[in-house]
Every structure is written in C-alpha cells, then in structure tokens.
Amino acid sequence: MAIFRVFKTPRHQKFEYRPRYWDPDKEALEDRLKKFEEGKEKDPDAIKARIASGFRRQGRGGGNNTALRGRYMFRSNMLLLVVIVALLFISYFFISVYLPNFMEMFEKGGTI
C-alpha cells in the first residue's frame, strides 16, 4: 500500500462553507400570506384561527411597534416619577406649614 502512495500523493481536503441567511421576519410574512391565501374562502374556522394568531402576534410585541412601545413605556415611567416627586414636595410643604398648627392645637386640647 505504501508503494502506491509514492507515485500518487494524496490531495488536500477542501472545506466548503456556504453561509445561510435566515430572515425570521420574511418567514413570518410568508406564513401569514400562505394562511391568508388559505383563508380566502369563507370558512369560519380559518377566520377564527387568523384572528387568534393576530392577537398572539400582538401580545408578543411582534411587528414594528417595539420601538414605539419602548418610547411609550419610557414616557410613562417619567410621568410616574414626576408625579411621585410632586407628591413628595406637596406633602413636605403641608407638613412643614400645617404640622406646627396641629401640634399646638392638640397640646391645648381645643377645637378648630
């Protein structure tokens, strides 16, 4: 066997890598289009399935509304923070202004 290798050298092995690209948005669109084509007929079960899949897709935050949702959440959180700070300032004001009057009234035991 070694004699045959003297006359014929082994060739190198080639590594062929073919990268694949997978676009989940495109696949989801194709699935929706296929379901839409199937649901063109007036089948009530197909209509129910299409509506249910739309609700599921919205619930997961699918589509292009994720950036918009993030902005709305940030705005909501900032509004909540402003309200909390305003309530703290108002409560501090009432405590600093009216608490001495209440304490004085309770010490005397009088009425308003």
Side-chain angles (χ1 to χ4, degrees):
M1 195 94 178
I3 298 174
F4 295 114
R5 288 198 180 196
V6 173
F7 299 111
K8 184 177 179 184
T9 58
R11 298 182 64 111
H12 65 280
Q13 292 183 353
K14 293 182 181 178
F15 178 72
E16 293 187 23
Y17 173 69
R18 294 184 189 140
R20 297 180 188 168
Y21 179 72
W22 176 59
D23 189 4
D25 295 332
K26 183 178 177 183
E27 185 174 318
L29 176 66
E30 288 173 354
D31 288 341
R32 286 194 308 261
L33 288 175
K34 184 175 71 172
K35 287 179 184 177
F36 179 73
E37 290 296 326
E38 292 172 357
K40 277 190 175 179
E41 58 207 36
K42 300 295 182 183
D43 184 24
D45 292 331
I47 294 171
K48 288 178 187 178
R50 189 178 73 232
I51 292 172
S53 70
F55 283 131
R56 281 193 300 268
R57 191 171 57 247
Q58 279 183 337
R60 288 183 298 201
N64 294 333
N65 64 352
T66 54
L68 183 64
R69 183 173 178 236
R71 283 190 299 215
Y72 282 143
M73 287 188 65
F74 178 75
R75 186 181 299 170
S76 173
N77 290 340
M78 283 295 130
L79 181 65
L80 182 64
L81 182 66
V82 167
V83 167
I84 289 172
V85 168
L87 286 175
L88 286 173
F89 279 131
I90 290 171
S91 63
Y92 176 75
F93 172 74
F94 278 108
I95 288 173
S96 65
V97 171
Y98 293 111
L99 185 63
N101 295 340
F102 282 127
M103 294 302 290
E104 182 181 319
M105 187 174 60
F106 286 128
E107 288 174 358
K108 290 181 182 177
T111 60
I112 298 176

CZ/Phe89 to CZ/Phe93 distance, rounded to the nearest 0.5 angstrom?
13.0 Å
In terms of hydrophobic clusters joined by side-chain contacts under 4.5 Å, are Phe106 and Tyr98 together?
yes
How long is the span from the CD1 atom in Ile84 to the CG atom in Leu79, to the nearest 0.5 Å?
10.0 Å
Euclidean distance, Met105 CE relative to Met103 CE, rounded to 0.5 Å:
10.5 Å
Phe102 with Val97, same ILVMFWY side-chain cluster at under 4.5 Å
yes
State plainly whether the residues Glu104 and Lys108 are in salt-bridge range, i.e. N to O under 4.0 Å.
yes
Side chain of Ser91, backbone of Leu87: donor and acceptor closer than 3.5 Å?
yes
To the closest 0.5 Å, what do you measure between CE (Met78) and CZ (Arg75)?
12.0 Å
Check the hydrophobic clustering (I, L, V, M, F, W, Y; side-chain heavy atoms under 4.5 Å; chains of links allowed) and say if Leu88 and Leu80 are grouped together.
yes
